[in-house]
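For reference, the structure discussed in these notes is given below.
Quantities reported herein were computed from a predicted structural model and do not represent experimental measurements.
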Amino acid sequence: MTLDFIKISAQTTKTPLGLIVTLHGWGANAEDVASLLPHVNLHDYEFLLPNAPYPYPYSDNGRAWYDLRDDKMYEGLVVSRQLLIDWLQSLPTTTGIPLSKTILTGFSQGGAMTLDVGLNLPLAGLAVMSGYLHPQVSTIEKRQFPPTLIMHGTQDQIVPLSAAIKSQQVAQSLGVPVEYHHFDAGHEVNLAMLKVLRNFVIKLTNPEKG
């Protein structure tokens with residue numbers, strides 16, 4: 001099993017300032033993520049948008065990182081976790097961009113995968129939008145972690161705001177440097193979130209412009 005993905009190259013002739021990997025949510029796909037990128041306004045960065053390995057049970061086009069119909073089992077999570085780790089670790093060779101200039105981001109289930117996988121890799125940063133925490137993340141040993149952005153809508157009816165607060169609290173207890181924002185929004189990625197994400201990316205990878 002391998003991950004297929006969409007690649008969007010930096011729109012400059014220079015070397016990309018960094019690499020941004022974005023993980024879609026349950027039932028979405030890489031094309032859904034690609035439709036948001038014009039609003040992020042990070043044209044000097046390369047983007048990789050992987051499709052999750054499992055089919056979504058309710059539509060032909062959707063993908064899933066694991067089965068959410070039984071949220072206690074997370075069937076498929078172990079396989080997806082290892083696939084993502086192996087794939088991310090291969091990116092410096094295939095892209096020429098080191099992990100130290102790679103930011104892993106994700107929405108909803110993709111946000112949960114971002115925390116799960118990203119806290120175990122030497123990445124430049126993590127960004128979680130409308131995500132949540134897998135239980136085993138709280139057992140990670142304390143060490144140096146990537147700066148982490150957590151964003152959530154206060155009106156989210158799918159993943160409640162309490163999930164973001166718990167993610168923030170657990171991450172901080174581990175020693176993760178956390179930046180937290182909430183918005184008057186539902187289960188969505190809006191323009192205000194994308195603006196915060198843009199500033200976060202620039203601050204980490206191009207500090208003189210941050």
Side-chain angles (χ1 to χ4, degrees), residues 1-8 19-37 47-91 94-95 99 102-121 123 125-140 145-146 148-153 156-160 162-164 166-168 170-171 176 186-189 193 197:
M1 187 179 290
T2 59
L3 293 178
D4 65 275
F5 59 90
I6 294 174
K7 175 182 176 180
I8 299 176
L19 175 64
I20 301 172
V21 176
T22 302
L23 310 180
H24 64 75
W26 195 54
N29 58 40
E31 292 183 358
D32 294 332
V33 178
S35 68
L36 295 173
L37 297 190
F47 285 82
L48 294 182
L49 317 174
N51 277 305
Y54 296 106
Y56 178 60
Y58 303 118
S59 76
D60 292 336
N61 295 326
R63 307 297 297 175
W65 295 102
Y66 51 84
D67 197 339
L68 269 179
R69 288 173 292 181
D70 183 347
D71 61 7
K72 295 180 181 179
M73 295 297 295
Y74 289 168
E75 184 178 351
L77 171 57
V78 172
V79 172
S80 281
R81 178 190 294 126
Q82 195 59 54
L83 275 173
L84 266 177
I85 290 173
D86 292 345
W87 181 70
L88 287 164
Q89 289 178 329
S90 75
L91 293 183
T94 58
T95 67
L99 290 182
T102 299
I103 295 176
L104 180 62
T105 73
F107 173 75
S108 193
Q109 190 183 58
M113 294 301 297
T114 294
L115 286 171
D116 188 311
V117 170
L119 290 175
N120 289 292
L121 294 172
L123 298 163
L126 312 176
V128 179
M129 296 162 280
S130 302
Y132 54 94
L133 199 67
H134 294 153
Q136 67 273 16
V137 173
S138 61
T139 65
I140 296 175
F145 294 105
T148 299
L149 171 65
I150 295 174
M151 298 185 285
H152 215 94
D156 194 327
Q157 299 295 314
I158 305 299
V159 180
S162 59
K166 180 179 180 181
S167 296
Q168 177 195 21
V170 170
V176 179
H187 193 65
E188 62 188 271
V189 177
M193 290 180 179
L197 174 62

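- Minimum heavy-atom separation, T114 to G106: OG1-N, 3.3 Å.
- Using a 4.5 Å heavy-atom threshold, the side chains of L119 and L126 count as touching.
- Around the CG atom of N61, the shell of radius 6.0 Å holds no more than 12 heavy atoms that belong to other residues, nucleotides or ligands.
- Side-chain N or O atoms of E188 include one that pairs as donor or acceptor with a backbone N or O of G186 at under 3.5 Å.
- Side-chain contact between L49 and I8 is present, with heavy atoms from C-beta onward closer than 4.5 Å.
- Contact check for S130 versus M151: no side-chain heavy atoms found under the 4.5 Å cut-off.
- In this structure, the side-chain hydrogen bond (donor to acceptor under 3.5 Å, both in side chains) partners of H152, at least two apart in sequence or on a different chain, are D156.
- From L115, atom CG reaches atom OG of S138 across 11.5 Å, with rounding to the nearest 0.5 Å.
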Let's go through I20 and L48 carefully: what are the C-alpha distance in whole Å and the side-chain angles of both, what is the deciding distance for side chain to side chain contact (heavy atoms under 4.5 Å, CB included) to 0.1 Å, and is it a yes or a no? CA-CA 6 Å; I20 301 172; L48 294 182; over 6 Å; no

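- Taking R81 as the reference, D116 meet the salt bridge (charged side-chain N to carboxylate O under 4.0 Å, His left out) condition, with sequence neighbours excluded.
- Atoms CZ and CG, on R63 and N29 in that order, are 9.0 Å from each other to the nearest 0.5 Å.
- Residues P146 and V176 come closest through the heavy atom pair O-CG1, 3.7 Å.
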Check the pair D4 / N51 against side chain to side chain donor-acceptor pair (under 3.5 Å), numbers first and verdict last. CA-CA 6 Å; D4 65 275; N51 277 305; 2.8 Å; yes

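- Taking the six-membered ring where tryptophan is involved, the planes of Y74 and Y132 are tilted, since the angle between them lies from 30° to 60°.
- Residues I103 and V21 have side chains not in contact (no heavy-atom distance under 4.5 Å, counting atoms from C-beta outward).
- A distance of 6.5 Å separates OG1 of T102 from CG of L91, quoted to the nearest 0.5 Å.
- Heavy atoms of other residues, nucleotides or ligands lying less than 6.0 angstrom from CD of Q136 number more than 12.
- Proximity of the aromatic rings of W65 and Y54 is defined here by a centroid distance below 6.0 angstrom, and this criterion is not met.
- Closest heavy-atom contact between L3 and L83: CD1-O, 4.1 Å.
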Take L197 and T105 through the side chain to side chain contact (heavy atoms under 4.5 Å, CB included) test and state the conclusion after the steps. CA-CA 9 Å; L197 174 62; T105 73; 4.2 Å; yes

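- Residues L23 and P50 are in side-chain contact: their nearest non-hydrogen atoms beyond the backbone lie under 4.5 Å apart.
- In this structure, OG1 in T22 is found 6.0 Å from CE in M129, a value given to the nearest 0.5 Å.
- Between H187 and F107, the ring centre distance stays below 6.0 Å.
- Residue N120 holds its CG atom at 11.0 Å from CG of L88, rounded to the nearest 0.5 Å.
- Closest of all the heavy-atom pairs between G25 and S108 is CA-CB, 4.3 Å.
- Counting only distance, with no hydrogens or angles, the side chain of H24 and the backbone of A52 share a donor-acceptor pair below 3.5 Å.
- Contact detail for M113 and H134: the closest heavy-atom pair is SD-CE1, 3.8 Å.
- To the nearest 0.5 Å, atom CD of residue E75 and atom OH of residue Y66 are 13.0 Å apart.
- Between L121 and Q89 the shortest side-chain heavy-atom distance falls below 4.5 Å.
- In this structure the side chain of D86 never reaches within 4.5 angstrom of the side chain of L84, judged on heavy atoms.
- Between W87 and F5, the ring-plane angle classifies as tilted under the 30° and 60° cut-offs.
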